[in-house]
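Notes follow once the structure below has been shown.
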Protein chains: 2
Amino acid sequence: MAKYRQIYERLAERMKTGEYAAESKLPSETELMHEYEASRGTVRKALDLLQEHGYVRKHHGKGVFVLRRDQIEFQFNGIVSFSEVYASMLGRSIQTSVASFEDIEAPAWLADRMNLTPGTRMFRIERVRNFDGENVILDVNYFVKDLVPGLTEEIAAQSIYAYVEHELGMQISYAKRKIAAEDVTELDRLRLDLHDYEYVIVITNDTFLYEGRQFEYTESRHRLDKFQFSDVARR
Amino acid sequence: MAKYRQIYERLAERMKTGEYAAESKLPSETELMHEYEASRGTVRKALDLLQEHGYVRKHHGKGVFVLRRDQIEFQFNGIVSFSEVYASMLGRSIQTSVASFEDIEAPAWLADRMNLTPGTRMFRIERVRNFDGENVILDVNYFVKDLVPGLTEEIAAQSIYAYVEHELGMQISYAKRKIAAEDVTELDRLRLDLHDYEYVIVITNDTFLYEGRQFEYTESRHRLDKFQFSDVARR
DNA sequence: CAGGATTTGTACGTATGTATG
DNA sequence: GCATACATACGTACAAATCCT
């Protein structure tokens with residue numbers, strides 16, 4: 001792994017564990033240079049990455065400050081799978097369990113939406129995200145089977161995106177997202193600890209490969225109080 | 001302006017005008033070095049920025065390629081006030097009324113959040129968006145007064161962003177957005193037709209100028225059923 | 001298929017500018 | 001004014017991915 005990336009991960013780790021507390025100032029670039037035996041440019045690349053991912057905020061002439069991260073956050077501009085996000089919040093217990101794993105024929109509404117030939121085989125996967133002992137997020141994924149051969153329940157329990165990108169070497173190009181509130185469904189009640197909430201926040205996600213082919217459709221259904229989305233828009 | 005940013009803008013310009021066509025390859029870093037009389041590091045910073053902003057994609061060993069523009073357009077990367085976007089999504093018009101327009105001292109929490117010296121004068125504006133006869137969105141804007149001189153209630157009733165950009169000629173750099181659900185407040189009940197909804201979706205928006213100075217903080221509070229957000233994320 | 005040429009990625013060093021306290 | 005800390009810019013070297021002869 002690249003050195004700046006190692007420094008990034010080490011620093012992120014120390015913020016997650018609280019060694020570098022929220023609101024506090026990180027060591028200066030010069031100090032980090034000596035600590036990690038790296039050049040200033042390399043240290044700066046690590047710090048830039050931390051800022052891009054929402055860990056810190058740099059202030060010219062003052063220093064680099066640790067940001068608070070108390071809620072579940074979808075912080076990045078890029079396409080991020082939920083386990084990637086959770087991985088970024090280590091220190092809090094988040095567990096994924098596969099509630100359902102089926103090999104089905106694409107339902108009509110989905111074949112239409114994804115522009116597939118009717119009858120296409122797909123994986124339909126339900127995964128529940130448990131945060132601090134409560135089931136608060138339900139992910140329902142639909143993958144085109146031909147495009148993710150060898151996908152198993154065990155992989156789904158880990159990170160499907162890591163499998164798709166690193167094992168299969170697939171090139172993801174872009175994803176369309178939509179966020180809206182919806183009434184809770186029977187499935188939500190079955191899978192989630194909803195308490196009295198009557199609504200869920202639903203993120204729908206259509207993911208495309210470089211050639212423009214869609215290989216995934218996902219609905220991520222969040223309990224209201226555990227939902228947060230952040231991003232940075234630029235001109 | 002920094003040199004790498006000048007190169008960034010020049011290249012972006014040449015892509016917008018079509019001089020660098022979509023799907024085509026940009027000149028190599030070495031060529032750009034000579035063309036702009038800059039070091040490789042500086043050229044690379046400009047290219048990184050272009051990629052981050054969705055103009056190009058870099059491929060190790062191959063080159064830097066111009067992305068299709070139509071998808072960038074659809075992206076929410078313009079820093080548009082959310083309600084304008086919402087209106088265009090539904091293809092209908094929203095009526096805006098200014099519910100409150102004050103000249104105040106920055107409250108402590110906001111001075112802290114925006115990194116302002118305490119006592120800074122600000123405009124605090126409440127605007128209500130009416131759709132199909134119901135008040136469904138409440139925008140609360142805070143602007144640093146020094147940075148938007150001459151802002152009036154009449155302008156607020158139209159588009160503040162149009163005023164800021166075209167009349168004042170200010171250069172907006174980027175905005176940080178966060179979306180989350182919150183309990184309704186007294187203010188929500190006062191301004192909106194909430195029916196039985198107990199929650200609102202709140203979009204907070206911190207907007208920055210090129211120099212990194214923040215000039216605005218906004219909360220856009222949406223009735224649950226009238227909220228929708230879409231965007232395109234790119235790897 | 002080998003191997004060199006091209007192109008982007010990483011890393012180091014140095015110097016100077018700008019913001020903050 | 002001075003010290004500290006981050007920002008920009010230049011130059012160099014080598015690594016890794018890709019392309020081409």
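Within every chain, numbering begins at 1; the chains are lettered A, B, ... in the order of the sequence lines, protein sequences first and strands thereafter.
Between Lys62(B) and the phosphate of dT8(C), there is no side-chain N or O to OP1/OP2 separation shorter than 4.0 Å. An OP1 or OP2 oxygen of dG11(D) is reached within less than 4.0 angstrom by no side-chain nitrogen or oxygen of Arg40(B). Side-chain nitrogen and oxygen atoms of Arg44(A) include at least one within less than 4.0 Å of the OP1 or OP2 phosphate oxygen of dA7(D). Within the 4.0 Å cut-off from OP1 or OP2 of dT10(C), at least one side-chain nitrogen or oxygen of Lys45(A) is found. A close approach under 4.0 Å does occur between a side-chain nitrogen or oxygen of Thr42(B) and OP1 or OP2 of dC10(D). Side-chain nitrogen and oxygen atoms of Lys3(A) include none within less than 4.0 Å of the OP1 or OP2 phosphate oxygen of dG9(C).
The closest side-chain heavy-atom distance from Val140(A) to Thr218(A) is not below 4.5 Å.
Side-chain atoms of His60(B) and base atoms of dA16(D) include a donor and an acceptor less than 3.5 Å apart.
Rounding to whole angstrom units, NZ of residue Lys58(A) and P of dT8(D) are separated by 8 Å. Atom CD in Glu37(B) sits roughly 14 Å away from atom P in dA9(D) (whole-Å rounding). Atoms OH (Tyr36(A)) and P (dT10(C)) sit 19 Å apart, rounded to a whole Å. If you measure from atom CG of Leu32(A) to atom C1' of dT4(D), you get 15 Å, rounded to the nearest angstrom. Remark: C1' of dT18(C) and CZ of Arg5(B) are 16 Å apart, rounded to the nearest angstrom. Whole-Å rounding puts the Asp48(A) CG to dA5(D) P distance at 18 Å. Straight-line distance from the OH atom of Tyr4(A) to the P atom of dA11(C): 7 Å, rounded to whole Å. Nucleotide dT20(C) holds its C1' atom 10 Å from the CZ atom of Phe65(A), rounded to whole Å.
Of the candidates dC12(C), dA7(D), dT7(C), the closest approach to any side-chain atom of Ala38(A) belongs to dC12(C). Of the candidates dT20(C), dA11(C), dA9(D), dA11(C) carries the atom nearest the Ala2(A) side chain, counting heavy atoms from C-beta on. The Glu29(B) side chain lies nearest to dG9(C) when the options are dT7(C), dC6(D), dG9(C).
Results of the side chain to side chain donor-acceptor pair (under 3.5 Å) test with Asn141(A) over Glu216(A), Glu126(A), Glu219(A) single out Glu216(A) as the only residue that passes.
Centroid-to-centroid, the aromatic rings of Phe101(A) and Phe123(A) come within less than 6.0 Å.
When all heavy atoms of Leu32(B) and Pro27(B) are compared, the pair lying nearest together is CD1-O, 3.7 Å. The two residues Thr42(B) and Tyr4(B) make their nearest non-hydrogen contact at O-CB, 3.7 Å.
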Steps toward salt bridge (charged side-chain N to carboxylate O under 4.0 Å, His left out) verdict (Asp206(B), Arg113(B)): CA-CA 9 Å; Asp206(B) 295 275; Arg113(B) 180 187 183 112; 3.0 Å; yes
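Among the protein residues, Glu31(A) comes within range of no part of the nucleic acid, since none of its heavy atoms lies under 4.0 Å from any strand. As judged by a 4.0 angstrom heavy-atom cut-off over every strand, Gln6(A) is placed among residues making no nucleic acid contact.
Ranked by how close their nearest DNA chain C nucleotide is to the 5' end, Gly63(B) and Ser39(A) are led by Gly63(B).
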